[in-house]
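Scroll down for the structure; my scribbles are underneath it.
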Amino acid sequence: MVNKIVSSSAAAVADVHDGATVMIGGFGTAGMPAELIDALIDQGARDLTIVNNNAGNGDTGLAALLKARRVRKIVCSFPRQTDSHVFDALYRAGEIELELVPQGNLAERIRAAGAGIGAFFSPTGYGTELAKGKETRVIDGRPYVLELPIYADFALIKALRGDRWGNLVYRKTARNFGPIMASAAKCTVAQVREVVNLGDLDPESVITPGIYVRRVVEIPAAARDVPVPGAAA
Amino acid sequence: MKRFTRDEMAARVARDIEDGAYVNLGIGLPTMVANHLPKDREVILHTENGLLGMGPAPAPGAEDSDLINAGKQPVTTLPGASFFHHADSFAMMRGGHLDCCVLGAFQVSAQGDLANWHTGAKDAIPAVGGAMDLAIGAKSVYVMMEHLTKQGESKIVAQCTYPVTGLRCVNRIYTDLAVIDVTPQGLVAIDIVPGLAFDELARLTGVPLANGLAAAPTPA
């Protein structure tokens, strides 16, 4: 019997090794698997390379992982935010490496890894600092930059519902990087608000087929998932 | 000197967005364009984090932390909206499916090069987000910015001195003084703030500018 349900966040991330490349889903905090990140902090793996759109917000989630000095390098598109003070301080002190990638190239490089594409030519970034040193080619009169896939050892993502085969559905714009990261990692761990019975997810509506998912852990909606009336964005 | 207000600039951009257009509005000033879209036009707003058919901000108390825009502010969905993952969202840009995007800028060159992601300052933390994808992807790239820096220098320049976001990608520039088209023959002013003479606009702009103004300036 296939059963990808694991009992706890701790069990779900127990084998993350030092030096691992870990993709973490989310756009800001929407879709960020905060409980899995907390478990990773407790687990203790260090010298990590993290792939995320941002570089942490406030002092929780990804920011807490950075603050615990577990991250050697971050690959992202938009580190600088009003509440990215943890990253900002590490970066200014030269204590974290940054690979800045245009957001669409970041997404497509992740997708390429999951799809078995060896490299692709993207028009994004041509002629800019972020394409320096990269191979370029003019195809049908348009210039492109060669971009390589981004593979990961682990992907930690958040979805709304999952079943024991690992099929997932997401919630609104919290989907963001989840489906592509799930396909690009050797071991994808999804935290879901609710585990449902096999067959309860409509096959027409499954967003991430279970083949991409190794582990599913149920984390019921936490207080921080509930929008606080009147809270600032 | 009289200038277009930010709302007048946003209304002027909105006037140029056609019924049925798929549009991405950048963070900051461009976001204001949504408030001025003519009610008789159906415009479908795209946000890079995976939503088409984005609606206005929710009522206080109705915010949903899973439903946000590129600026991470709470938004709503309109009937007909759809969600999709990041690679699809950027395929919509790169693949030329968006009719138009509106972006802020530090500088635009006379050839339409755009600089809007990084000041290049030594202590600045760089962040690019979706700016480079939007710049080269949308069918029409509109820039919204103040015409002059705080020091009074033109932000429309012969060559960008800030790091570029994309080359020859801007189609039209909306400033607080004028609307300027970027054409293969050079820059052409097509609208101007009432009370400003074309010659004065050309002097302030500092790069060659053709006069494409209608006989009488149109109201904002």
Side-chain angles (χ1 to χ4, degrees), chain A residues 27-31 53-55 57 76-81 84 87-88 91-92 98 100-108 110-112 114 122-131 142-143 160 170-181 207-208 224-231 233, chain B residues 27 47-51 54 57-75 77 81 83-96 113-115 117-118 120 123-137 163-169:
Chain A
F27 183 86
T29 55
N53 186 58
N54 302 103
N57 303 76
C76 71
S77 86
F78 209 80
R80 184 191 65 225
Q81 300 185 270
S84 61
F87 171 81
D88 295 0
Y91 182 77
R92 291 216 159 94
L98 170 67
L100 190 69
V101 183
Q103 196 169 166
N105 283 354
L106 180 67
E108 195 64 16
I110 294 168
R111 199 197 71 82
S122 170
T124 300
Y126 178 83
T128 74
E129 278 184 12
L130 298 187
R142 192 175 190 203
L160 176 62
Y170 298 83
R171 188 165 181 276
K172 304 186 180 183
T173 55
R175 180 183 308 185
N176 56 68
F177 285 89
I180 52 173
M181 286 182 171
I207 302 299
T208 294
R224 61 183 159 202
D225 287 332
V226 179
V228 179
Chain B
I27 295 172
T47 180
E48 68 187 14
N49 52 314
L51 167 61
M54 178 172 66
E63 298 90 348
D64 181 336
S65 56
D66 285 343
L67 185 52
I68 58 173
N69 64 13
K72 302 186 174 72
Q73 299 158 318
V75 294
T77 53
F83 297 115
F84 34 86
H85 64 60
H86 247 79
D88 278 349
S89 185
F90 281 79
M92 290 176 195
M93 297 181 194
R94 221 189 294 104
D113 297 348
L114 170 68
W117 73 282
H118 188 23
D123 62 338
I125 294 177
V128 62
M132 290 185 180
D133 305 277
L134 278 169
I136 57 86
V164 294
T165 308
L167 301 177
R168 298 177 180 270
C169 56

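Naming convention: chains lettered A, B, ... in sequence-line order (proteins, then strands); numbering from 1 in each chain.
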Contact winner vs chain B - A/Asn53, A/Ile110, A/Asn105, A/Leu106, heavy-atom pairs under 4.5 Å: A/Asn105
Side chain to side chain donor-acceptor pair (under 3.5 Å) against B/Thr77, all qualifying residues, sequence neighbours excluded: none
Does the side chain of A/Gln103 pick up a donor-acceptor pair with the side chain of B/His86 at under 3.5 Å? yes
So for B/Asp88, is it side chain, backbone, both, or neither that comes closer than 4.5 Å to the heavy atoms of chain A? neither
Within a strict 4.5 Å, meaning less than it, do heavy atoms of the B/Ser65 and A/Thr29 side chains meet? no
Ion pair present between B/Asp66 and A/Arg175, side-chain N to carboxylate O less than 4.0 angstrom? no
Below 4.5 Å, heavy-atom pairs only: which of A/Pro123, A/Gly127, A/Gly28 has the largest tally toward chain B? A/Pro123
Of all residues at least two apart in sequence or in a different chain, which pass the side chain to side chain donor-acceptor pair (under 3.5 Å) check with B/Asp133? A/Thr124
Residue A/Tyr170 versus chain B: region with a heavy atom under 4.5 Å: neither
What is the distance from atom CZ of B/Phe90 to atom CZ of A/Arg111, rounded to the nearest 0.5 Å? 14.5 Å
Taking every non-hydrogen atom, the tightest pair across A/Thr173 and B/Gly50: CG2-O, 4.3 Å
Looking only at atom types and distance, does a side-chain atom of B/Arg94 sit under 3.5 Å from a main-chain N or O of A/Ser122, one as donor and one as acceptor? no
May I ask you to decide whether A/Arg92 forms a salt bridge with B/Asp123, counting only side-chain N to carboxylate O separations under 4.0 Å? no
Assert top hit (heavy-atom pairs under 4.5 Å, partner chain A, pool B/Ala115, B/Gly120, B/Ala70, B/Ala131) equals B/Ala70
List the atom of B/Ile136, the atom of A/Arg142, and the distance in Å for their closest heavy-atom pair. O-NH2, 2.9 Å
Taking the six-membered ring of A/Phe27, is the NZ or CZ of B/Lys72 close enough (under 6.0 Å from the centre) and on axis enough (within 45°)? yes
Largest heavy-atom contact set with chain A, pairs under 4.5 Å, which of B/Leu167, B/Leu51, B/Asn49, B/Val164: B/Asn49
What part of B/Thr47 lies closer than 4.5 angstrom to a heavy atom of chain A: side chain, backbone, both or neither? neither
Which atoms form the tightest heavy-atom contact between B/Gly129 and A/Phe78, and what is the distance? N-CD1, 3.4 Å
For A/Gly125 against B/Met132, the heavy-atom pair lying closest together: CA-SD, 3.8 Å
Taking all atoms of both residues into account, what is the closest heavy-atom pair of A/Ala30 and B/Ile68, and its distance? CB-CD1, 3.8 Å
Derivation and outcome, side chain to side chain contact (heavy atoms under 4.5 Å, CB included), residues B/His85 and A/Phe177: CA-CA 6 Å; B/His85 64 60; A/Phe177 285 89; over 6 Å; no
Would you name the heavy atoms of B/Pro126 and A/Leu100 that are closest together and state the gap between them? CB-CD2, 3.7 Å
Looking only at A/Ile207, A/Val101, A/Asn54, A/Leu130, most heavy-atom pairs under 4.5 Å shared with chain B are made by A/Leu130
Measure the spacing between SG of B/Cys169 and OH of A/Tyr126 and express it to the nearest 0.5 Å. 13.5 Å
